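Working notes, beginning with the structure itself.
Just so it is clear, the model here is predicted, and its values are computed rather than measured. A note on names: the letters A, B, ... follow the listed sequences, proteins ahead of strands, and every chain is numbered from 1.
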2 protein chains.
Amino acid sequence: MNASATRDSIVTAADELFYTRGFEATSFADVAAVVGISRGNFYYHFKTKDAILDAVITRRMKSRDDMLRSWVDCGQSPKDSIGKFIRILLMNNEKIRAYGCPIGTLFTELSKRDHPGEPAARALFDLFRQWLRHRFEDLGCGADADQLAMHVLARSQGVATLANAYPDEPFLETEVAQMLAWLDAIAAQHAQTP
Amino acid sequence: MNASATRDSIVTAADELFYTRGFEATSFADVAAVVGISRGNFYYHFKTKDAILDAVITRRMKSRDDMLRSWVDCGQSPKDSIGKFIRILLMNNEKIRAYGCPIGTLFTELSKRDHPGEPAARALFDLFRQWLRHRFEDLGCGADADQLAMHVLARSQGVATLANAYPDEPFLETEVAQMLAWLDAIAAQHAQTP
DNA sequence: TCGTTTTTAGGTCATTTGTCCTAATTCGTC
DNA sequence: GACGAATTAGGACAAATGACCTAAAAACGA
């Protein structure tokens with residue numbers, strides 16, 4: 001098989017395992033088993049576990065960046081863009097209930113261990129934060145834009161955590177509806193005072 | 001030393017280490033070193049790592065339960081009680097910035113590994129949830145009480161996570177102020193429609 | 001075919017949990 | 001104080017696991 005194809009399937013498998021089982025709990029052997037290659041081959045592509053983590057974070061970064069860009073490029077209103085972000089929680093409903101937020105849980109794990117990959121994991125938060133801030137600026141929120149961005153991020157994180165703790169309850173849907181209502185209010189408020 | 005005193009200091013040390021480093025990352029040797037006892041003595045008190053985890057969760061449960069009860073017993077209004085809960089985030093400011101929420105991060109870690117201690121960790125959430133629900137009921141929120149309780153829990157979790165990711169920003173204080181303002185609005189709303 | 005790339009099989013080394021043992025020390029009780 | 005029970009120290013050791021490494025084989029392209 002092509003080397004970059006093998007490398008890619010390793011990163012794909014690692015991404016999934018880091019999400020569902022956690023970074024530390026996932027071993028070389030686990031990833032190799034999913035991909036169907038030997039541990040030695042694994043080492044051929046990635047010298048250290050941190051190198052795989054880097055690749056996984058880079059992959060997530062690109063994936064999220066592409067997603068966010070597509071929402072802006074398709075030309076919808078800033079409010080609808082932010083609404084789409086909030087609705088990610090609904091889109092990934094089952095996975096969030098089962099494993100929490102892939103960004104949040106990874107950061108929390110790396111932070112607790114003072115892992116060198118922590119800044120890279122924080123950069124994933126930054127990506128969403130900047131994007132949200134720009135959308136709120138487009139909405140006319142000016143100086144409040146960053147604070148609003150952080151607010152949306154925090155509530156999303158909280159909802160993901162609690163949905164993970166209480167997966168059998170309709171809590172996630174309720175909270176998303178409330179966040180969308182809150183967004184309506186913010187948008188209305190800044191529409192009349194431009 | 002008294003056996004229960006030794007046991008207690010083990011649980012205290014484990015509680016702190018599980019919080020600051022995480023459960024999996026903390027080894028028997030780590031805890032024994034902090035307490036200043038031998039590994040042999042350690043095994044005299046706790047046969048397995050899961051047994052220490054149980055003891056730590058029980059301890060946290062009792063500590064939080066005592067705290068919540070004291071807030072009700074001192075006879076302040078339900079609104080002020082809920083306010084005190086929200087202000088936990090301020091009280092534990094530095095620790096939350098450094099290590100996140102002790103309840104949330106423990107649950108997330110155990111959940112991700114399908115650890116048998118997961119239900120016990122969820123019970124900690126339940127404790128806060130029930131208490132908040134009762135306070136909102138006292139406030140006259142009736143059927144909405146549980147949903148409001150979950151809302152407060154979720155926002156607190158989200159704030160803790162983001163404050164952990166951005167420890168150098170005044171974000172935590174800002175969000176607490178907003179939550180307290182939100183609480184004011186809820187209380188006012190139910191004061192005029194009893 | 002030849003040389004490079006890719007893959008495999010296997011092993012090393014360190015760490016951690018958990019078990020077990022012995023001897024010393026402390027403690028409660030008489 | 002004496003005695004037995006509880007507690008502690010300090011280790012040896014097995015089993016498991018995971019990160020990391022090497023060398024030979026296989027696949028592949030020119």
Seminar exercise, completed: Rounded to whole Å, CD of A:Glu24 lies from P of D:dG18 at a distance of 11 Å
Exercise. Taking atom P of C:dT16 as reference, at what distance in whole Å does atom CG of B:Leu53 sit?
Worked result: 18 Å
Seminar exercise, completed: Taken to the nearest whole Å, CZ/A:Arg113 to C1'/C:dT15 is 14 Å
For this session: Could you please name the option among C:dT19, D:dT8, C:dT8 that lies closest to any side-chain atom of B:His45?
Result: D:dT8
Problem set entry | Value in whole Å for how far the C1' atom of D:dA6 lies from CZ of B:Arg7 | 16 Å
For this session: Report yes if at least one side-chain N or O of A:Asn41 is closer than 4.0 Å to OP1 or OP2 of C:dT8; otherwise report no.
Result: yes
For this session: Decide, yes or no, whether a salt bridge links B:Lys79 with B:Asp138 under the criterion of side-chain N to carboxylate O below 4.0 Å.
Result: no
For this session: Step through it carefully: locate the ring centre of B:Phe23, locate the ring centre of B:His115, and say whether they are under 6.0 Å apart.
Result: yes
Problem set entry | Spacing of A:Ile10 atom CD1 relative to C:dT6 atom C1', expressed in whole Å | 11 Å
Problem set entry | Closest nucleotide among D:dG18, C:dT16, C:dT5 to the A:Tyr44 side chain | C:dT5
Problem set entry | Distance test, side-chain N/O of B:Thr48 to OP1/OP2 of C:dT17, below 4.0 Å | no
Exercise. Under 4.0 angstrom, heavy atoms only, what part of the nucleic acid is B:Phe28 near: base, sugar-phosphate, or nothing?
Worked result: sugar-phosphate
Exercise. Quick one: does A:Tyr19's side chain have a donor or acceptor within less than 3.5 Å of a partner on A:Ala14's backbone?
Worked result: no
For this session: Find out whether the Lys NZ or Arg CZ of A:Arg133 is both under 6.0 angstrom from the six-membered ring centre of A:Phe128 and within 45° of the ring's axis.
Result: no
Exercise. Has the side chain of A:Arg39 got a donor or acceptor atom sitting under 3.5 Å from an opposite partner on the base of C:dG11?
Worked result: yes
Exercise. Could you give the CD1-to-P distance, from A:Ile37 to C:dT5, as a whole number of Å?
Worked result: 19 Å
Problem set entry | Between C1' of D:dT17 and CG of A:Asp30, the distance in whole Å | 11 Å
For this session: Would you tell me if any nitrogen or oxygen in the side chain of B:Ser38 comes within less than 4.0 Å of OP1 or OP2 on D:dA9?
Result: yes
Problem set entry | d(OH, A:Tyr43; C1', C:dT7) in whole Å | 15 Å
Exercise. Taking NZ, NE, NH1 and NH2 as the nitrogens, is one of them in B:Glu175 or B:Arg87 under 4.0 Å from a carboxylate oxygen of the other?
Worked result: no
